[in-house]
Amino acid sequence: MPSKPPVHRRQPDPGNPRVQRTRACILAVARELLPEVGLTGLTTALLAERAGVTRQTLYRHWPHRAALLSDVALQGPDLGYPEPGADVRAVATAWMVSLRAGMTVPATRTAALAIAAEADHDPDSAQAMARILEDRLAALNKLLEPSGLQITAEQFSLLYGPLFARLFFDRAEATDEFIDSAVTQWLTTIDHGPART
């Protein structure tokens, strides 16, 4: 009979309500701390202390900083997530509005930018960035299912790219008009058929 790994190496059971509460608490504290202390100030010691857990608990849930930051980015507050629909333009626009709202949350913004900045030289951050992009593409394709359209990773980049350029490079507001214009341009790049627009 194989022996169980030592306690400090066991992975938490994600289905356990106690584990879920612990993760939710730690993520909530991380979201509070990021805007307060910045990325460099968010140490495992400070996070563990404020969340009332051990550093060992943090490492069991998130073996590296990028894993924690990707969960902060992906599991932010509910800011009006869109509903699935048959109208591609309406779904894409609602999704972009939701993405814009998510990027206004300081912790989400900081986490996403930190992962992107580290991805070139940190394999964990590169993997976390890939996970975020895969998750968001899958989520958008789920919203688009009633339309019959499923987009590729390249088409996804063409949709969210202008929004990120506007927010992070231009440092300008992404108005509803900007989003409408970006979605209009994006629609010209995909073959979505006349019955699905």
Side-chain angles (χ1 to χ4, degrees), residues 20 23-39 42 47 62 65-119 125 128-147 149-187 189-190 192 197:
Q20 292 170 356
R23 286 180 66 86
C25 172
I26 295 168
L27 286 171
V29 171
R31 279 190 210 96
E32 289 172 16
L33 283 173
L34 267 172
E36 179 186 321
V37 301
L39 188 63
L42 184 66
L47 182 55
W62 298 280
R65 178 189 201 91
L68 172 69
L69 292 175
S70 70
D71 279 353
V72 168
L74 286 172
Q75 299 174 26
D78 182 2
L79 300 170
Y81 195 70
E83 296 290 325
D87 183 331
V88 174
R89 174 185 286 281
V91 170
T93 300
W95 187 85
M96 290 278 280
V97 167
S98 174
L99 181 60
R100 175 185 65 191
M103 288 295 105
T104 65
V105 176
T108 302
R109 184 183 185 110
T110 300
L113 288 173
I115 292 168
E118 298 291 319
S125 294
M129 179 58 59
R131 176 180 167 236
I132 290 170
L133 291 174
E134 288 167 9
D135 180 272
R136 296 296 78 211
L137 173 58
L140 179 55
N141 272 330
K142 186 78 173 158
L143 296 175
L144 288 168
E145 277 180 1
S147 74
L149 175 69
Q150 294 291 280
I151 63 171
T152 66
E154 184 176 281
Q155 292 166 331
F156 179 59
S157 295
L158 292 172
L159 178 61
Y160 76 78
L163 179 66
F164 278 41
R166 183 74 169 174
L167 294 174
F168 301 129
F169 297 116
D170 298 345
R171 303 303 240 184
E173 181 183 0
T175 63
D176 288 346
E177 293 77 19
F178 177 85
I179 287 176
D180 184 60
S181 176
V183 170
T184 297
Q185 182 61 38
W186 176 74
L187 287 170
T189 69
I190 60 172
H192 57 280
T197 59

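Only a predicted model underlies this, so the values are computations on that prediction, with no experimental measurement involved.
Side chain of S157 to main chain of A153: a donor-acceptor pair is present (N/O by atom type, distance under 3.5 Å, no hydrogens or angles).
Looking only at atom types and distance, the side chain of R31 has no donor-acceptor partner in the side chain of T108 under 3.5 Å away.
Residues satisfying the side-chain contact (heavy atoms from CB on, under 4.5 Å) test with R166, not counting sequence neighbours, are D170, A172, A174, F178. Judged as a ring pair (Phe, Tyr, Trp, His ring centres under 6.0 Å), and not counting sequence neighbours, W62 has no contacts.
Of all heavy-atom pairs between A101 and T104, the closest is O-OG1, 2.5 Å. In this structure, I179 and R100 approach most closely via the heavy-atom pair CD1-NH1, 3.5 Å. Annotation for A114 and L69: closest pair CB-CD1, 4.0 Å, computed over non-hydrogen atoms. Nearest heavy-atom pair across I115 and S125 is CG2-O, 3.4 Å. Here the closest non-hydrogen pair linking V72 and A107 is CG1-O, 3.8 Å. The shortest non-hydrogen separation linking P84 to P146 is CB-CG, 3.8 Å.
Under the 4.5 Å side-chain criterion, counting only non-hydrogen atoms from C-beta, W186 is in contact with V88. With a 4.5 Å cut-off on side-chain heavy atoms, R89 and D180 count as touching. Inter-residue side-chain proximity for L159 and I190 is flagged as unmet; no heavy-atom pair is nearer than 4.5 Å.
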Can I get a per-line list of side-chain donor-acceptor pairs under 3.5 Å for residues 129-144, giving both atom names and the distance, sequence neighbours left out?
| residue | atom | partner | partner atom | Å |
| --- | --- | --- | --- | --- |
| R131 | NH1 | S70 | OG | 2.6 |
| R131 | NH1 | D71 | OD1 | 3.0 |
| R131 | NH2 | D71 | OD1 | 2.8 |
| N141 | OD1 | I151 | N | 2.7 |
| N141 | ND2 | I151 | O | 3.1 |

Item to complete: Apply side chain to side chain contact (heavy atoms under 4.5 Å, CB included) to L47 and L68, showing your working.
Response: CA-CA 11 Å; L47 182 55; L68 172 69; 3.5 Å; yes
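R65 contributes atom CZ, which lies 8.0 Å from atom CD of E118 (distance to the nearest 0.5 angstrom).
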